[in-house]
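Notes follow once the structure below has been shown.
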Protein chains: 2
Amino acid sequence: MEASRPDTATRILDVSERLFVEHGFEATSLRMITQQAEVNLAAVNYHFGSKDALFEAVFMRRLAPLIASCLAELDELEAREEKLSVEGLVTTFIRPCLALSKDPARGGALFVRLLSRTLVENHRLLRETISQQYSVFVQRYSRAFHHALPELGVEELAWRMHFAFSVMFNAFAGNDVLKIFTRSQIVSARDPDMIVKYLVPFVVAGLVSPVKG
Amino acid sequence: MEASRPDTATRILDVSERLFVEHGFEATSLRMITQQAEVNLAAVNYHFGSKDALFEAVFMRRLAPLIASCLAELDELEAREEKLSVEGLVTTFIRPCLALSKDPARGGALFVRLLSRTLVENHRLLRETISQQYSVFVQRYSRAFHHALPELGVEELAWRMHFAFSVMFNAFAGNDVLKIFTRSQIVSARDPDMIVKYLVPFVVAGLVSPVKG
DNA sequence: AAGCGTTTCAAACTTACGTTTTAATTTGAT
DNA sequence: ATCAAATTAAAACGTAAGTTTGAAACGCTT
């Protein structure tokens with residue numbers, strides 16, 4: 001019962017995903033990658049062309065299916081509910097993230113952390129390639145939230161969505177600000193189901209809270 | 001009316017702060033720093049000892065006063081209010097962040113972004129030095145929130161604080177997840193006052209929302 | 001078995017990094 | 001003005017990075 005060894009390119013992708021998350025793009029050398037993947041140093045440039053292209057490959061392997069899952073959940077919800085519920089909308093985003101986090105075969109929570117690092121590091125890849133390919137993602141959610149929360153102005157809604165996705169995203173990425181200052185492990189347990197149990201009510205409450213006069 | 005040129009060490013700190021935010025620690029070379037600061041390459045090692053020590057100096061210059069401001073606000077609030085309000089508590093954190101963001105002399109919003117990068121990059125500095133020196137920060141806030149929200153269990157409260165600080169922190173750091181997917185500039189305006197106008201109600205609503213049966 | 005495109009391999013190349021060294025220069029107290 | 005200390009300057013050091021090269025090994029069709 002031995003798992004068949006993946007091919008060279010896949011092994012490079014798997015190891016790179018983990019190392020890019022652990023050390024960041026710059027601090028991860030091709031020699032670290034190829035050594036842990038047990039492939040030759042030149043294999044990266046042979047299969048992917050460059051370190052930059054490798055990063056993009058690592059990234060896109062996970063992003064595209066995740067986005068597709070969210071949009072599929074959104075389709076389902078809109079087909080099922082006449083008047084969209086905020087909790088339902090939030091769940092269409094959280095469920096695919098949760099599924100990804102619990103699936104080691106797809107890198108588990110690694111990719112969300114990679115996305116988080118990449119966002120904070122403000123990579124060119126995010127500013128250029130991705131924003132063009134996946135702008136429909138935000139458009140769909142913006143429209144859906146507008147239907148679910150028609151009493152909010154466009155500016156107020158944009159901010160609340162910004163906050164909502166920020167907290168959801170960082171919850172899955174495991175970015176715990178308070179962890180900086182303490183060694184408490186209560187929150188850092190990182191059980192994905194636990195995250196959701198407390199995350200959904202928090203986010204929904206912020207989204208639906210009455211507008212201040 | 002020409003501003004007096006700061007001394008070498010200060011110029012290095014100022015430039016480093018900006019470059020560490022823009023490119024990250026690893027991707028910022030001492031040659032980039034010393035060139036832009038118009039000082040000799042060896043000056044960094046002369047004044048700070050090493051690149052690592054420089055990073056710590058850049059970091060601590062901003063963190064200590066920020067923490068002190070938050071705790072001072074907390075002291076004031078506890079002296080003023082018998083029963084702590086959640087909004088008041090949230091404000092003790094937001095107001096110093098806001099003040100910092102609006103003060104170019106202290107690097108403006110740069111430091112919050114640096115803190116964000118450092119958190120995501122999981123630096124040794126954060127795991128070791130800072131968590132020892134500033135654990136009182138989380139302890140104080142944990143106790144204060146427990147007084148303000150006595151009906152919440154310790155686990156539920158820890159999660160809500162985690163979410164609350166996460167969204168506040170990323171709001172000031174300007175980490176807009178949705179920005180990845182669109183070029184819309186509504187949220188990215190980054191006017192600190194605008195952030196607070198929408199941020200406080202969102203966070204408070206999440207914190208005080210009734211516990212699910 | 002032969003031939004051919006694909007993949008792997010060891011080695012070297014260029015470049016840039018953090019750091020060190022040593023000398024020149026500036027500063028400040030006497 | 002002098003001298004010691006502090007600072008700046010230019011150059012080089014050793015290391016490690018991403019990439020390229022050319023030959024060897026492999027896999028597949030004929």
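The sequence lines fix the lettering, A, B, ..., with proteins before strands; numbering per chain opens at 1.
Heavy-atom distances to DNA chain D give each of B:Asp7 and A:Thr28 a nearest nucleotide, and the one nearer the 5′ end belongs to B:Asp7.
Summarising the geometry, the separation between CD on A:Glu38 and P on C:dT7 is reported as 20 Å, rounded to the nearest angstrom. Atom CD1 of B:Ile12 is separated from atom P of C:dT19 by 13 Å (rounded to the nearest Å). Between the CD1 atom of B:Ile33 and the P atom of C:dT19 there is a distance of 11 Å, rounded to whole Å. The nearest whole Å value for the distance from the CG atom in A:Leu30 to the P atom in C:dC13 is 20 Å. The distance from atom CD of A:Glu26 to atom P of D:dA16 is 18 Å, rounded to the nearest whole Å. Per the geometry, CZ belonging to A:Arg5 stands 14 Å off C1' belonging to C:dT7, to the nearest Å. As a whole-Å value, the separation of A:Arg31 CZ from C:dA12 P is 13 Å. Look at CG on B:Asp52: it is 10 Å from C1' on C:dG18, rounded to the nearest Å.
For B:Asn45, taking side-chain heavy atoms from C-beta onward, the closest of the listed nucleotides D:dA10, D:dT19, C:dT20 is C:dT20. Listed nucleotides C:dT19, D:dG18, D:dT7 differ in distance to B:Tyr46; the shortest reach to its side chain belongs to D:dT7. Among the nucleotides D:dA17, D:dT7, C:dT19, the one closest to any side-chain atom of A:Ser29 is D:dA17. Among the nucleotides D:dT19, D:dT8, C:dT8, the one closest to any side-chain atom of A:Asn40 is C:dT8.
A:Ala42 comes within 4.0 angstrom of a nucleotide base, judged by non-hydrogen atoms across all strands. Within 4.0 Å (heavy atoms only), A:Thr34 reaches no atom of the nucleic acid at all.
Using a cut-off of 4.0 Å between Lys/Arg side-chain N and Asp/Glu carboxylate O, B:Glu73 and B:Arg95 are scored as salt-bridged.
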Test ring-ring contact (aromatic ring centres under 6.0 Å, His included) applied to B:Phe59 and B:Phe20, step by step:
CA-CA 10 Å; B:Phe59 203 88; B:Phe20 284 153; over 10 Å; no
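Counting heavy atoms from C-beta on, the side chains of A:Met60 and A:Ile130 come closer than 4.5 Å.
When ring centroids are compared, A:His123 and A:Phe55 come within the 6.0 Å threshold.
The phosphate of C:dT8 has OP1 or OP2 within less than 4.0 Å of a side-chain N or O from A:His47. Phosphate proximity of D:dT8 to B:Thr8: present, with a side-chain N or O under 4.0 Å from OP1 or OP2.
Of the listed residues (A:Phe172, A:Tyr141, A:Trp159), just one forms a ring-ring contact (aromatic ring centres under 6.0 Å, His included) with A:Phe165, and that residue is A:Tyr141.
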